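A quick write-up on the structure given underneath.
Bear in mind the structure is a predicted one, so any value in this text is a computation, not a measurement. Order of listing sets the numbers, starting from 1, for every ligand and every atom in it. Scope of the values below: all heavy atoms of this structure, side chains included, with no hydrogens, waters or symmetry mates.
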Amino acid sequence: TTAPLSVPVEGMTCASCVSRVERVLKRLPGVDDATVNLATETATVQSLGVPLADLMKAVRDAGYEVPRRQ
Ligand code: 9UX
């Protein structure tokens, strides 16, 4: 496991959203763990070299938005 990646996630409004995003991220090959903080709208992902773009695609495919941060 390398350093955790932070992925901004928008569009979550309840705890079930959080669970859903965590689940789709954890399902990706190479992802060891994923936690989502609803208040900060951030997913923190522990993985072995999974490209950020793949994480973003999984979140978007699940129906949430990954904004360009800043
Ligand atoms: Mo909660 Mo989230 O009722 O997509 S699951 S709003």
Side-chain angles (χ1 to χ4, degrees):
T1 305
T2 55
L5 285 175
S6 290
V7 185
V9 179
E10 290 182 357
M12 301 179 294
T13 56
C14 82
S16 295
C17 298
V18 170
S19 297
R20 184 177 298 145
V21 173
E22 289 176 341
R23 178 159 26 89
V24 299
L25 289 171
K26 288 183 193 174
R27 202 162 52 203
L28 295 175
V31 170
D32 296 321
D33 194 25
T35 58
V36 169
N37 185 312
L38 180 60
T40 60
E41 299 187 295
T42 303
T44 302
V45 181
Q46 306 274 356
S47 79
L48 284 171
V50 175
L52 179 58
D54 291 4
L55 304 177
M56 294 166 68
K57 176 170 173 32
V59 170
R60 288 171 171 152
D61 287 351
Y64 303 93
E65 297 88 51
V66 180
R68 294 161 201 290
R69 192 160 253 183
Q70 184 159 22

Shortest protein contact, atom 1 (Mo) of ligand 1 (heavy atom only):
Cys14 SG, 2.0 Å

Nearest non-hydrogen protein atom, atom 4 (O) of ligand 1
Tyr64 OH, 2.7 Å

Partner of Val59 by side chain to side chain contact (heavy atoms under 4.5 Å, CB included), out of Val21, Asp54, Val36:
Val21

Considering both backbone and side-chain atoms of Ser16, is one of its nitrogen or oxygen atoms within less than 3.5 Å of a nitrogen or oxygen in ligand 1?
no

To which protein heavy atom is atom 2 (Mo) of ligand 1 closest, and what is the distance rounded to 0.1 Å?
Cys17 SG, 1.8 Å

The single option from Glu10, Arg20, Glu41 passing side chain to side chain donor-acceptor pair (under 3.5 Å) against Tyr64
Arg20

Logged contact type for Arg20 with ligand 1, heavy-atom cut-off 4.0 Å, is side chain

Which protein non-hydrogen atom lies closest to atom 6 (S) of ligand 1, naming both residue and atom, and how far is it?
Thr13 OG1, 2.9 Å

Taking the side chain as every heavy atom from C-beta outward, state whether Val66 and Pro8 have any atom pair closer than 4.5 Å.
yes

Correct closest heavy-atom pair for Ser6 and Thr44 would be OG-OG1, 4.4 Å

Can you name the closest pair of heavy atoms from Asp33 and Lys26 and give their distance?
OD1-CE, 3.6 Å

